[in-house]
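Computed from a predicted model, the values in this text were never measured in an experiment.
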Amino acid sequence: MFRTLQKHKFKFLSVLLLVALFAVIRAYEDNLFYDPFLNYFKSDFNKLPLPKYDLLNLNVSLVFRYGLNMGISIAILYVLFKDVEMIKFVSILYVFFFFLLILSFFGIIYFYESHNNGVLFYVRRFLIQPIFVLLFVPAFYYQKQSK
């Protein structure tokens, strides 16, 4: 295992640095992004009405945060697999999932208000956390191994 680590130390350090960027984004999320739902979901949100929010600022913030996470995730996938076709495919998937999630997020807020807070919590989590990279890395690793 140590020989494998020595052989791929640049790849390992690059991925480690990119994962550290995820941690920095998470650590400074209060300062970097407008998100009144951060504190809302830290409380007992099932019994509270939705917080007041500025639609434009929230939209811009969600796009910015998803874009940062998407860029870092794609960089991790490129460092690990060096496959440009796969990166193009993943980019299309990220954009597709973004539109699906953002429409779901605002649809839940608009149509269900505070009656479906659990679903809103998880849809928002997929928008603001780099969950897709946790799914794509093993999926593409398996695909590469099976070829």
Student check: side-chain heavy atoms of [X] and [Y] closer than 4.5 Å:
{"X": "Pro36", "Y": "Tyr34", "value": "yes"}
{"X": "Asp30", "Y": "Asp35", "value": "no"}
{"X": "Phe132", "Y": "Phe126", "value": "yes"}
{"X": "Gln129", "Y": "Arg65", "value": "yes"}
{"X": "Tyr53", "Y": "Ile109", "value": "yes"}
{"X": "Phe106", "Y": "Leu55", "value": "yes"}
{"X": "Glu29", "Y": "Ile25", "value": "no"}
{"X": "Asn59", "Y": "Ile102", "value": "yes"}

For Tyr66 and Phe99, I'd like to know if the aromatic rings sit close, meaning centre-to-centre distance below 6.0 Å. no
Do Asn117 and Tyr40 have side-chain atoms, one donor and one acceptor, less than 3.5 Å apart?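 Their side chains do contain a donor-acceptor pair, which is all the 3.5 Å distance test asks for.
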Residues pairing under side-chain hydrogen bond (donor to acceptor under 3.5 Å, both in side chains) where one sits in residues 93-103, two or more places apart or in two chains, turn out to be Ser73-Tyr94
All pairs passing side-chain hydrogen bond (donor to acceptor under 3.5 Å, both in side chains) where residues 131-143 contributes a residue, at least two apart: none
Straight-line distance of [X] [atom1] to [Y] [atom2], nearest 0.5 Å:
{"X": "Phe96", "Y": "Leu100", "atom1": "CZ", "atom2": "CG", "value": "5.0 Å"}
{"X": "Ile128", "Y": "Phe33", "atom1": "CD1", "atom2": "CZ", "value": "9.0 Å"}
{"X": "Ile72", "Y": "Leu21", "atom1": "CD1", "atom2": "CG", "value": "4.5 Å"}
{"X": "Ile87", "Y": "Glu85", "atom1": "CD1", "atom2": "CD", "value": "10.5 Å"}
{"X": "Asp83", "Y": "Leu77", "atom1": "CG", "atom2": "CG", "value": "10.5 Å"}
{"X": "Met86", "Y": "Ser91", "atom1": "CE", "atom2": "OG", "value": "9.5 Å"}

CA sep, side-chain torsions, deciding dist, call: Leu58, Phe37, side chain to side chain contact (heavy atoms under 4.5 Å, CB included): CA-CA 10 Å; Leu58 183 59; Phe37 291 95; 3.7 Å; yes
Are [Y] and [X] linked, directly or through intermediate hydrophobic residues, by side-chain heavy-atom contacts shorter than 4.5 Å (ILVMFWY only)?
{"X": "Val79", "Y": "Val24", "result": "yes"}
{"X": "Val19", "Y": "Phe81", "result": "yes"}
{"X": "Val95", "Y": "Leu93", "result": "yes"}
{"X": "Val119", "Y": "Leu50", "result": "yes"}
{"X": "Phe140", "Y": "Leu135", "result": "yes"}

Which heavy atom of [X] sits nearest a heavy atom of [Y], and at what distance?
{"X": "Val133", "Y": "Phe22", "result": "CG1-CE1, 4.3 Å"}
{"X": "Arg124", "Y": "Leu38", "result": "NH2-CD2, 3.2 Å"}
{"X": "Ser104", "Y": "Val123", "result": "CB-CG1, 4.1 Å"}

One pair to check against side chain to side chain contact (heavy atoms under 4.5 Å, CB included): Ile92 and Phe89. What are the steps and the verdict? CA-CA 5 Å; Ile92 292 168; Phe89 176 68; 5.6 Å; no
Give the ring-plane orientation class for Phe121 versus Phe41, where under 30° counts as parallel, over 60° as perpendicular and anything between as tilted.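 Correct class here is perpendicular.
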Go through Tyr122 and Leu127 one step at a time and tell me if the side chain to side chain contact (heavy atoms under 4.5 Å, CB included) criterion holds. CA-CA 9 Å; Tyr122 288 109; Leu127 277 168; over 6 Å; no
To which residues is Val60 joined in a hydrophobic cluster, defined by side-chain heavy-atom contacts under 4.5 Å among Ile, Leu, Val, Met, Phe, Trp and Tyr, whether direct or through other members?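 Result for Val60 is Leu56.
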